[in-house]
Amino acid sequence: MAAKPSGPQGDRPRRLRASPQSAPPQSAPPQSASPQSASPESAPPESGSSESLEGPRTEPSLSLDRIVAAAVELLDTRGVDGLKMRQLADRLGAGAMSLYWHVENKEMVFDLALDSVLAYRGPPQKAESRDWRGEVFHMLEDWRASMLRHPWSASLLPRRALGPNILSRLELLSNTLSRAGVADADLNVAIWSLWNYVIGATVTRASFVLSDEDRSVAQQRLTGLGEHYPTIERSRLLLDDDWDGAFRKGLDFLLDGLAPRS
């Protein structure tokens, strides 16, 4: 898929093509094609040469996959604000305008990069599983893990168009809950509740970075204020850093509420 850039024709980057030699005046005899008279510039490329009839290659060949992969790398290292088309082109060793033969604009790059990191490759199932909770757990833990590997994705997801990978996740999740007995009237509420839980848990984990010493100092201060905050002081809230365990247990609480009632 190669989307040509929008805008005036004159703004489009031109493909590199070899220009034919200027034609000699009508009165001049045709030039000899002998090897002795050919200049190095006009000599045809040797067999196996990297040059083609379109002329010498001045930049690596581009593809949509290469652009998306480079965009993900740039987002991982510099964040959302660090993605600039010129920097992306530099990373690819290409001219900035050449990107627009493959993507329409930077917004499309954001959409493609986001969708690429949220692809779900669940375990193959030979038969329809009856363990709907296990399926949901796997889907949502994988979703959270994918966003933690690419922390920018959690903040970007609510603002972008949903691509085929995330839509496939939502369809699979919806289908699993529906098969488990969640009524159609409750399905959207269930999906958005789980969506909000996963996004919130991911953003909190990615941004809440404290050292053991920081947590210990904060808990000591809380202990000194125990008469005002007795419950969270007793549970030692600020020392709890079992993020994965808390995610699973919280998800259990949510799924308990979604389980069909007999």
Within the supplied structure, the quantity of interest is the number of heavy atoms (other residues, nucleotides, ligands) at a distance under 6.0 Å from Asp81 CG; does it exceed 12? no
Which atom pair, heavy atoms only, marks the closest approach of Ala201 to Phe247? CB-CD1, 3.7 Å
Main chain of Asp242, side chain of Asp240: is a donor-acceptor contact present, judged purely on distance under 3.5 Å? yes
Mind checking the CE-OH spacing from Met108 to Tyr100? Nearest 0.5 Å is all I need. 12.0 Å
Quick one: CG on Asp115 to CG on Asn165, what's the gap to the nearest 0.5 Å? 4.0 Å
Between Glu135 and Arg179, does any side-chain N to carboxylate O distance fall below 4.0 Å? yes
In Å, rounded to the nearest 0.5 Å, how long is the span from OG of Ser153 to CD1 of Ile199? 7.5 Å
Given Asp256 and Arg133, is the salt bridge (charged side-chain N to carboxylate O under 4.0 Å, His left out) satisfied, shown in steps? CA-CA 9 Å; Asp256 284 345; Arg133 290 178 73 111; 3.1 Å; yes
Taking the basic N atoms (NZ, or NE/NH1/NH2) and the acidic carboxylate oxygens, is any pair closer than 4.0 Å for Arg205 and Asp244? no
Please name the pair of heavy atoms, one in Pro158 and one in Ser155, separated by the smallest distance, quoted to 0.1 Å. CD-O, 3.5 Å
Taken to the nearest 0.5 Å, the spacing of Leu255 CG from Ser193 OG works out to 11.0 Å
Is there a path of hydrophobic side-chain contacts, each under 4.5 Å between heavy atoms of I, L, V, M, F, W or Y residues, that connects Val189 with Phe253? no
According to the interplanar angle, ranging from 0 to 90°, do the rings of Trp195 and Trp143 count as parallel (below 30°), tilted (30 to 60°) or perpendicular (above 60°)? perpendicular
